[in-house]
*Asks:* 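First the structure, which I've put down as structure tokens, then a few questions once you've had a look.
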Amino acid sequence: MQVAIFGAAGQLGVELVRVFGERGHFVHSFRRSDADITDPAQLEARLAALDIGLVLNAAAYNKVDIAESEPQVAYAVNGLAVRNLAVICRQLDARLVHFSTDYVFDGAAGRPYREEDPVRPISAYGVSKLAGEFYAQAYCDSALVLRTSGVFGPAGRHTAGGNFIESMLRLAAKGGPLRIVNDHFASPTYAPELARVTADLVDLGQSGVFHAGGGEPISWFDYAVKIFRRAGLDPELKPANEREYRTAARRPRFSALENARLSRTGITPFAPLDRQIELYFAARR
Ligand SMILES: NC(=O)c1ccc[n+]([C@@H]2O[C@H](COP(=O)([O-])OP(=O)(O)OC[C@H]3O[C@@H](n4cnc5c(N)ncnc54)[C@H](OP(=O)(O)O)[C@@H]3O)[C@@H](O)[C@H]2O)c1
């Protein structure tokens, strides 16, 4: 099958290109410099001549705090551009796979979220990502939407946004105590594993919304402890709470995901977080 992958230079995009290539698909990978997904004419020009059976959209605007001062930009990439892709998929009769976020929830449930839980984003970023989910499904009945959380992949060493592990290592190198929130929980997800799970779901012909978070709810503080233990570093870590650590965007307190539908498919689940961190550091070397 010919597969088009957008956001190919991002943490997840790099891994999707690798995994779908390894599974024998003919992959057309598009970085932002190759195709801006907010521009329908560019998408049309890139895809019209190809016999695309599947479009994977890993492109996204992920600057959660900056989105509060430029919500239109976030919405253009995470919402309206997904409509562009969905419309093209409909024209080409291609399947669409789109990635969304745990930030479509308000985090008030206090337990990992399941697919059927009501959505209530509490930030411009969350609203824009939810719009993307709606657009994907509005135009493509067979769209597959994977909500994930705290993505970290080896490509994050070089991307502008990076990831939590790289941020921690960078801050530790600067010296001084690190203040890290211990009252916010997510389920960090290793990008190569997410790409593998995505390909498994595609192989099974699945559609609709799936949660695909790393599998283990953990506070950002405890996650940092694991990271530094693995890195053999011992910086001074100070637990902070939401009140002490104000950010421009509101974030859900507990946005870990329960991979309820995924576990019913029989697909191999995500490796435990310690193993995912181990694999990250091995790949980083
Ligand atoms: N990272 C996380 O912690 C996290 C958490 C939950 C959900 N997710 C979701 O998971 C998916 C993958 O995230 P990721 O961590 O791999 O993101 P990433 O590393 O930030 O990669 C996103 C890619 O999209 C590209 N992009 C941005 N605007 C574009 C545009 N208009 N046209 C084409 N490409 C564009 C970026 O290019 P530039 O670098 O040039 O901007 C970047 O290469 C996204 O849907 C994201 O929302 C991520």
Side-chain angles (χ1 to χ4, degrees), residues 4-19 29-43 46-47 55-67 70 72-85 96-105 107 113 121 123-133 135-136 144-167 184 186-195 197-198 209-214 220 223 249 251-252 255-257 276 280:
I5 300 180
F6 292 90
Q11 298 191 90
L12 175 60
V14 164
E15 307 301 336
L16 291 171
V17 170
R18 180 182 55 76
V19 167
S29 63
F30 299 98
R31 295 161 169 248
R32 188 188 192 138
S33 50
D34 305 315
D36 184 330
I37 61 167
T38 63
D39 182 347
Q42 272 192 40
L43 296 179
R46 299 288 177 277
L47 298 186
V55 172
L56 296 147
N57 179 33
Y61 175 108
N62 286 328
K63 294 174 277 188
V64 177
D65 288 313
I66 299 172
E70 50 178 40
Q72 305 89 333
V73 184
Y75 195 85
V77 180
N78 293 339
L80 295 172
V82 182
R83 178 182 177 277
N84 295 340
L85 290 169
L96 175 63
V97 177
H98 178 63
F99 295 89
S100 187
T101 174
D102 48 346
Y103 282 21
V104 297
F105 297 111
Y113 281 93
S123 66
Y125 168 78
V127 168
S128 71
K129 290 296 290 183
L130 182 58
E133 291 189 7
Y135 281 125
L144 173 63
V145 175
L146 281 88
R147 292 186 186 135
T148 189
S149 169
V151 176
F152 62 103
R157 287 191 74 182
H158 310 293
T159 59
N163 60 46
F164 185 73
I165 296 182
E166 295 305 324
S167 300
H184 277 225
S187 31
T189 308
Y190 186 45
E193 280 278 274
L194 178 56
V197 162
T198 304
V209 175
F210 275 78
H211 284 184
W220 293 102
Y223 182 27
R251 287 172 165 76
S255 61
L257 299 172
Q276 295 183 54
Y280 182 88

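Both counts, for ligands and for their atoms, begin at 1 and track the order of listing.
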*Asks:* Parallel, tilted or perpendicular, judged at 30° and 60°: which one describes the rings of Y113 and F105?
*Replies:*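 Correct class here is parallel.
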*Asks:* List the residues meeting salt bridge (charged side-chain N to carboxylate O under 4.0 Å, His left out) with R18, not counting sequence neighbours, and say none if there are none.
*Replies:*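 R18 satisfies salt bridge (charged side-chain N to carboxylate O under 4.0 Å, His left out) with E15, E22 once adjacent residues are dropped.
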*Asks:* Any ion pair linking D65 and R251 (charged N to carboxylate O, less than 4.0 Å)?
*Replies:* yes
*Asks:* Applying the side chain to side chain contact (heavy atoms under 4.5 Å, CB included) criterion to N57, which one of V97, L85, V145 satisfies it?
*Replies:*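 Of V97, L85, V145, side chain to side chain contact (heavy atoms under 4.5 Å, CB included) with N57 is met by L85 alone.
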*Asks:* List below, pair by pair, the N or O atoms of ligand 1 and of the protein that are less than 3.5 Å apart, including the distance to 0.1 Å; reply 'none' if no pair qualifies.
*Replies:*
| unit_1 | atom_1 | unit_2 | atom_2 | d |
| --- | --- | --- | --- | --- |
| ligand 1 | 3 (O) | V151 | N | 3.0 |
| ligand 1 | 15 (O) | Q11 | NE2 | 3.0 |
| ligand 1 | 16 (O) | Q11 | N | 3.3 |
| ligand 1 | 16 (O) | L12 | N | 2.9 |
| ligand 1 | 17 (O) | N62 | ND2 | 2.9 |
| ligand 1 | 19 (O) | Q11 | N | 3.0 |
| ligand 1 | 20 (O) | N62 | ND2 | 3.2 |
| ligand 1 | 24 (O) | A60 | N | 3.2 |
| ligand 1 | 28 (N) | R32 | NH1 | 3.4 |
| ligand 1 | 31 (N) | D36 | OD1 | 2.9 |
| ligand 1 | 32 (N) | I37 | N | 3.0 |
| ligand 1 | 41 (O) | R32 | NH1 | 2.6 |
| ligand 1 | 43 (O) | G10 | N | 3.4 |
| ligand 1 | 45 (O) | F99 | O | 3.2 |
| ligand 1 | 45 (O) | K129 | NZ | 2.8 |
| ligand 1 | 47 (O) | N62 | OD1 | 2.8 |
| ligand 1 | 47 (O) | Y125 | OH | 3.2 |
| ligand 1 | 47 (O) | K129 | NZ | 2.8 |

*Asks:* When the aromatic ring centroids of F6 and H98 are compared, is their separation below 6.0 Å?
*Replies:*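 F6 vs H98: aromatic centres not under 6.0 Å.
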*Asks:* For the residue pair F164 and F152, is the inter-centroid distance of their aromatic rings smaller than 6.0 Å?
*Replies:*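 No: the rings miss the under 6.0 Å criterion.
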